[in-house]
Number of protein chains: 2
Amino acid sequence: MAGLPRDSGDARDTVVTLARSLGVAASTVSRALRGDPRISTKTRRRVEALAAERGYAPNVLARTLASGHSGLIALSLGPISNPFYVELMQEAVIQAAARDLRLLLLHAGAGPIEDQTAQTLLQYQVDGCLITSAELSSHAARICAVHNVPVVMVNRVPKLHASAIACDNFLGGQDLARLLLGGGHQRFAIIRGNPDSSTSIERERGFAEMLKNHGIDFDLRINGGSTYEGGFAAGRMFAEMPRDRQPDAIFAVADIMAMGVVDALRIGGIRVPDDISVVGFDGIAQGAWPAYAITSVQQPIAAMVSRGLDLLTARIGTSTVPDEVVLLRGELILRRSARLPVRMAA
Amino acid sequence: MAGLPRDSGDARDTVVTLARSLGVAASTVSRALRGDPRISTKTRRRVEALAAERGYAPNVLARTLASGHSGLIALSLGPISNPFYVELMQEAVIQAAARDLRLLLLHAGAGPIEDQTAQTLLQYQVDGCLITSAELSSHAARICAVHNVPVVMVNRVPKLHASAIACDNFLGGQDLARLLLGGGHQRFAIIRGNPDSSTSIERERGFAEMLKNHGIDFDLRINGGSTYEGGFAAGRMFAEMPRDRQPDAIFAVADIMAMGVVDALRIGGIRVPDDISVVGFDGIAQGAWPAYAITSVQQPIAAMVSRGLDLLTARIGTSTVPDEVVLLRGELILRRSARLPVRMAA
DNA sequence: CTCTTGCGTGCACACGTTTGCAATGCTTTA
DNA sequence: TAAAGCATTGCAAACGTGTGCACGCAAGAG
């Protein structure tokens, strides 16, 4: 397939052509470039010099065939209507490149990973699989398990066989509840994301438990689907409630929903935070926009990706390392969408 | 993972193992699966049946080595603080999968594509390169040219040797100007994106030319860097101007900037669109949020990606197809951020 | 009945790299 | 001085797939 009319500069260098030019064996070139200590410093220098001069780039595909490792990580993104996953992706691209890993973009969107997609996991001999809050079908999970492809889920604790890295959502929920309690709030509401996801469940659990510890219960619990629109719809519902039934503090378990809530409340003539405080979770960049200024828990994205890749690389090539779940502490970010405790506002 | 020490089903099927089970040659299996007409229907059926039963997935890397085509498309994303690129990415993932192409995520972010990144283009033998408004360094461009890797830029017309697909930004700019003129606006301002990008330049040119045709000139031209923050800063500047100098219509060449403008104006006590109309460009989902309702030109994302992949696939394996630039017409979306012409408002 | 034609299949090699093992030459030790 | 050790390099086989070529076999033509 080199091309019928023979493309001009088509002669892509290989280990063999380099070796021929140097008068050595191909294996010597290969070892020199891989840093094999058996090659003399002198020869290595010569090889490296010529490789640099010719702009030689090893054919990773051929390497994979021989060595079994492709350096490819399959990346599966969750619903990107939530900017959090986009930030996660960008961080993943940067850090993967720094580790000399490449990302194969398998899936992006709300739905589950299709079986056909899982096939390409195998076809491309990916070394591992990084999944951010998308559903991995049991079929796909089995494929990974059988073929010994490690799986790490970011921002979601797996039901299936896989490692995971996530923010400590429970503690984060508690932090927000404590903050709102300190601000003197009394009637609470929560807007869930995907009610099945561990992320949403844990945040709610931490929030509710902390309130319960202070003798407060609440039953305003709405599903918002982790979208702006879901948050907006919920906010509209609150805005239309009779004033004495309205909550005075709303916890949307994702910032993107909190933004929808804020918009809906304002359109409904309700002041934020004077009438109702709103807090979110994730710490997305948009939450800092002056029009919103969402008080939130910032997820440590860089650390999550970094530790996630650690988990992955530690499991590549071995089946002896057991699965692991790592929780990282998020950081409370105070902004104007929630009334502060008196002492903190001072 | 599957078993504790020894991987049980680890024996990944290959053409050879299938051939052995069937008592035929490996080449026969290969040909049968590739749909070679020389293989008898009967044999093909047998091969296909066994392949399906065993869940055989061909090793694409080995295929690449032999055939020269990897089925990999390198994807380079622009600054993802602009949601437009995220929408573009999602569409690309979907359409690439449908065409049996895989996306190798090379770059994401504002900066130019690094030279080291360009190396991986070669290492992974990508068939082509899809670039959405990120700068391709001249070094990287040369690498692609020399090694005959076709490059298609989406949403940007290249200075370098490459094909391109974009919205007709000039016409879109004209449409917006015509709309604002119809709405009775008289004093105009524009907020540019990246002042070097063809996208920003063309939109501005179409806008200014249409105004000029109606005898209107304007000199309020500000750089907003295609970010929310840039738009916000510009909006603040407008809000602080003396009332009689203020524009009554602002064109932000990207929706994300228009959102910043709207926020800044409102915070400054200016009503949109009663005092000042704001229009954007791109048609991102966030622009439809009730709090913004940005009048805009919707880029035909699906068609852009589709035609972009067309351009790419047509150039894979040949160096004879000349570069091509395709412009698609965008669609005017009327929302509440701009006063409408009387007849249209009726 | 023989020769040609064409269909279906197998053999062998190529793609570019890695890697176990052998071979070379040189230094060290007994 | 010979044997053994070490450092350095080459040879050749593998990884899994695609493909040019040749081979065997049956059917049709003369």
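Residue numbering restarts at 1 for every chain, and letters A, B, ... go by the order of the sequence lines.
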Please tell me if the side chains of B:Ile143 and B:Gln119 come closer than 4.5 Å, counting only heavy atoms from C-beta onward.
-> yes

Between the protein and nucleotides 23-25 of chain C, which nitrogen or oxygen pairs come in under 3.5 angstrom?
none

The helix from C:dC1-D:dG30 to C:dA30-D:dT1: angle between end helix axes, five pairs per end, rounded to 10 degrees | 60°

Starting at atom NE2 of B:His69, determine the distance to atom P of D:dT19, rounded to an integer number of angstrom.
-> 9 Å

What pairs of residues pass the side-chain hydrogen bond (donor to acceptor under 3.5 Å, both in side chains) test when at least one of them lies in residues 17-32 of chain A, not counting sequence neighbours?
-> A:Asp13-A:Thr17, A:Ser21-A:Arg54

Can you sort out which residues in residues 96-103 of chain A have a heavy atom within less than 4.0 Å of DNA chain C? Ascending by number, please.
-> none

Does anything in residues 23-44 of chain A reach DNA chain D, meaning a heavy atom under 4.0 Å, and if so which residues?
-> A:Gly23, A:Val24, A:Ala25, A:Ser27, A:Thr28, A:Arg31, A:Arg38, A:Ile39, A:Ser40, A:Thr43

Got a sec, which residues hit side-chain hydrogen bond (donor to acceptor under 3.5 Å, both in side chains) with B:Arg315, two or more places apart in sequence or on another chain?
-> B:Ser163, B:Glu324

Donor-acceptor pair, side chain of A:Ser70 and main chain of A:Leu61, under 3.5 angstrom = no

Separation of B:Arg20 atom CZ from D:dT17 atom P, in whole Å?
-> 12 Å

Is a side-chain donor or acceptor of B:Ser76 paired with a backbone partner of B:Thr132 at a separation under 3.5 angstrom?
-> no

To the nearest angstrom, the CD-P distance between B:Gln125 and D:dG16 comes to 19 Å

Between B:Arg156 and B:Asp196, is there a salt bridge with N-O shorter than 4.0 Å?
-> no

For a side-chain contact (heavy atoms from CB on, under 4.5 Å) with A:Val152, tell me which candidate from A:Ile131, A:Val326, A:Asp323, A:Leu311 qualifies.
-> A:Leu311

Name all residues meeting the side chain to side chain contact (heavy atoms under 4.5 Å, CB included) criterion together with B:Ala49; count only those two or more places apart in sequence or in a different chain, and write none if there are none.
-> none

Look at the side chain of A:Thr14 and the backbone N and O of A:Val16, then say whether any donor-acceptor pair between them is shorter than 3.5 Å.
-> yes

Side-chain atoms of residues 101-109 of chain A: list all donor-acceptor pairs with protein atoms under 3.5 Å, sequence neighbours left out, distances to 0.1 Å.
unit_1: A:Arg102; atom_1: NH2; unit_2: A:Asp100; atom_2: OD1; d: 2.9
unit_1: A:His107; atom_1: NE2; unit_2: A:Gly111; atom_2: O; d: 3.0

In numerical order, the residues of residues 55-65 of chain A whose heavy atoms come under 4.0 Å of DNA chain C are A:Tyr56, A:Pro58, A:Asn59, A:Ala62, A:Arg63

For B:Ala51, the side chain to side chain contact (heavy atoms under 4.5 Å, CB included) test, sequence neighbours excluded, returns B:Leu18, B:Leu33, B:Tyr56

Which residues share a side-chain hydrogen bond (donor to acceptor under 3.5 Å, both in side chains) with A:Ser67, sequence neighbours left out = none

Rounded off to whole Å, could you give me the CG-to-C1' distance for the A:Leu22 and D:dG10 pair?
-> 15 Å

Kindly write out the residues that satisfy side-chain hydrogen bond (donor to acceptor under 3.5 Å, both in side chains) with B:Gln95, not counting sequence neighbours, or none if the list is empty.
-> B:Glu91

Under-4.0 Å salt bridge between B:Arg38 and B:Asp36 | yes

Would you say B:Arg307's side chain and B:Leu327's backbone share a donor-acceptor pair under 3.5 angstrom?
-> no

